[in-house]
Novice: 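Here you go, one structure.
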Amino acid sequence: MVQSQVAIITGASSGIGWELSKVLAQEGYQVGLIARRRGSLGQLAEEIRSLGGRAEFQPADVASRGEVLEAIRRLSERLGPADLLVANAGVGHESLVDPLNVDQIEEMIRVNYLGAVYAIEAVLPEMLRRGRGHLAGVSSLAAYKGFPGQQGYCASKAALKTFLEGLRIQLRHRGIAVTTICPGFVHTPMTAQHRFGMPFVMNADEAARRIARALRRRKKVFNFPWQTERLAKFAYWIPDWIIARTLRHTYR
Ligand SMILES: NC(=O)c1ccc[n+]([C@@H]2O[C@H](COP(=O)([O-])OP(=O)(O)OC[C@H]3O[C@@H](n4cnc5c(N)ncnc54)[C@H](OP(=O)(O)O)[C@@H]3O)[C@@H](O)[C@H]2O)c1
C-alpha cells in the first residue's frame, strides 16, 4: 500500500485512465483526476470515494499549458504534491492524404505529446525539490513504426516516447523515476471506431492492472502485451510492400 501518496492521472474520464485511476486508488493512492469532461470525472471520483478511496478532480484541456498548470496546482492544494504523475490523456485520428488532415495532426501533437510535457512541467519542480517522484507517460506500441493511415498518431507517440527516454536518463541521479508505457490494442472508446481487427486486444481493466504493476516496479519502459510488441518491432524491419499489402484495407 502507498498510503497518503498522491497520483495525478490525466485522461481519467474514460478508458485506460478511468480504470487505472481506480486501481491506483485501491493501492492507496490519493488520486487527482484530470480530463475535459467534468461529469465523467465527478462520477469516477464518487465511485472511488464510495469504495473508501480519496479522489479529487479538476477539468482541463491538456492542450492548454495554462489549464494544465492551473489544474495540477489546484489538485496539489487539495491533495498535496504529486508523488506520481501518469500523463495518459490522448486522442487518435486516422491520417489522411487527400487532403492532409493537418488540424487533426496538430491536435494529436498538442494533446498526446505537449499535453504530457505540460503535466510534467507542473509536477517536476516540487519533485526536484523533494528529490523524489515518479513520472509516467502513456505512449503506445504505435511509437515503434509509422503505420500507414496512422502516421500522425504514431509520430505523436514516438515524440512522447523519445522525450521520456531522454528525461529518464537526465533525471537518473535526481531521485525521480520515469516510466514509458506502450500498450498494444485496448478496448476503449478510442478504439471502438477502428475499422480493422485488433490482434491481442485486451480490456481496459486488464491493461490498467498491468500498468499499475509496471509502475510499482518502476519499470523504465513497459511494452505490452509481448505478442503485439513483437509485431510492432517486426513491422519496423519488414519491407514497405509487405506492410502495404497487409494493411491496405485499413487506410484511405
Ligand atoms: N486504446 C488503445 O488501444 C491504446 C493503445 C495504445 C495507447 N493508448 C493510449 O492510451 C491513452 C488512453 O486512451 P484510451 O484508449 O483510454 O482512450 P479514451 O477512452 O478515448 O480516453 C482518452 C482520455 O483522454 C482524455 N483527453 C482527450 N483529449 C483531451 C484533452 N484535450 N484534454 C484533456 N483530456 C483529454 C479524454 O477525456 P475527455 O474527453 O474528457 O477530455 C479521456 O479521458 C491515450 O494516450 C492513448 O493514445 C491507447
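In listed order, ligands and their atoms are each counted from 1. Because only heavy atoms are used, hydrogens play no part in the values below, and waters and symmetry mates are left out as well, while side chains stay in. Keep in mind that this is a model prediction, so the values were computed, not measured.
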Novice: So which heavy atom on His134 is nearest to which on Thr179, and how close?
Specialist: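 Reported closest heavy-atom pair: NE2-OG1, 2.7 Å.
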Novice: Check each atom of ligand 1 against the heavy atoms of Ala60 and keep those under 4.0 Å away; list them by number with element.
Specialist: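 What qualifies from ligand 1 is 32 (N), 33 (C).
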Novice: For atom 17 (O) of ligand 1, what is the closest protein heavy atom, and at what distance to 0.1 Å?
Specialist: Met190 CB, 3.3 Å
Novice: Please find the pair of heavy atoms, one from Tyr144 and one from Cys182, that lie closest to each other, and give the distance.
Specialist: CE1-SG, 4.1 Å
Novice: Can you tell me the protein heavy atom closest to atom 8 (N) of ligand 1 and the distance?
Specialist: Tyr153 OH, 3.6 Å
Novice: What protein heavy atom is closest to atom 19 (O) of ligand 1, reported as residue, atom name and distance in Å?
Specialist: Ser14 OG, 2.4 Å
Novice: Which ligand 1 atoms are under 4.0 Å away from a heavy-atom of Thr188?
Specialist: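 The list of qualifying atoms is 1 (N), 14 (P), 15 (O), 16 (O), 17 (O), 19 (O).
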Novice: Between Ala89, Gly11, Gly90, which one has a non-hydrogen atom sitting closest to atom 27 (C) of ligand 1?
Specialist: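 Minimum heavy-atom distance to atom 27 (C) of ligand 1 goes to Gly90.
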Novice: At a 4.0 Å threshold, what atoms of ligand 1 neighbour a non-hydrogen atom of Asp61?
Specialist: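 Here the atoms of ligand 1 in question are 30 (C), 31 (N), 32 (N).
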Novice: Give the atoms of ligand 1, by number and element, whose distance to some non-hydrogen atom of Gly15 is under 4.0 Å.
Specialist: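 Atoms satisfying the 4.0 Å criterion: 16 (O), 19 (O).
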Novice: Pull out every atom of ligand 1 sitting under 4.0 Å from any heavy atom of Phe185, numbered as shown with elements.
Specialist: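 Near Phe185, meaning under 4.0 Å from one of its heavy atoms, ligand 1 has 3 (O).
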Novice: Compare Val186, Val62, Leu141 and give the one whose heavy atom is closest to atom 2 (C) of ligand 1.
Specialist: Val186
Novice: Ignoring hydrogens, what is the shortest heavy-atom contact between Ala116 and Leu160? Give both atom names and the distance.
Specialist: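 So the two residues come closest at CB-CD1, 3.6 Å.
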Novice: Could you list the atoms of ligand 1 found under 4.0 angstrom from a heavy atom of Thr191?
Specialist: 1 (N), 2 (C), 3 (O)
Novice: Has ligand 1 got any nitrogen or oxygen that is less than 3.5 angstrom from a nitrogen or oxygen of Val111?
Specialist: no
Novice: Look at atom 48 (C) of ligand 1 and find which of Leu41, Asn112, Ile16 reaches it with the closest heavy atom.
Specialist: Ile16
Novice: Taking the minimum heavy-atom distance to atom 38 (P) of ligand 1, which of Gly184, Ser13, Ser139 ranks first?
Specialist: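 Going through Gly184, Ser13, Ser139 one by one, Ser13 has the nearest heavy atom to atom 38 (P) of ligand 1.
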Novice: Do Arg213 side-chain atoms and Arg210 backbone N/O form a donor-acceptor pair below 3.5 Å?
Specialist: no
Novice: Which option wins on minimum heavy-atom distance to atom 44 (C) of ligand 1: Val91, Val138, Asn88?
Specialist: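 Nearest option to atom 44 (C) of ligand 1, by heavy atoms: Asn88.
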Novice: List every atom of ligand 1 that sits less than 4.0 Å from any heavy atom of Ala12, numbering the atoms from 1 in the order shown and giving each element.
Specialist: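 Per the distance check, 43 (O).
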Novice: Looking only at N/O atoms, are Ser140 and ligand 1 under 3.5 Å apart anywhere?
Specialist: no
Novice: Counting distance only, does the side-chain N/O of Asp61 pair as donor-acceptor with the main-chain N or O of Glu67 below 3.5 Å?
Specialist: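 A pair under 3.5 Å: no.
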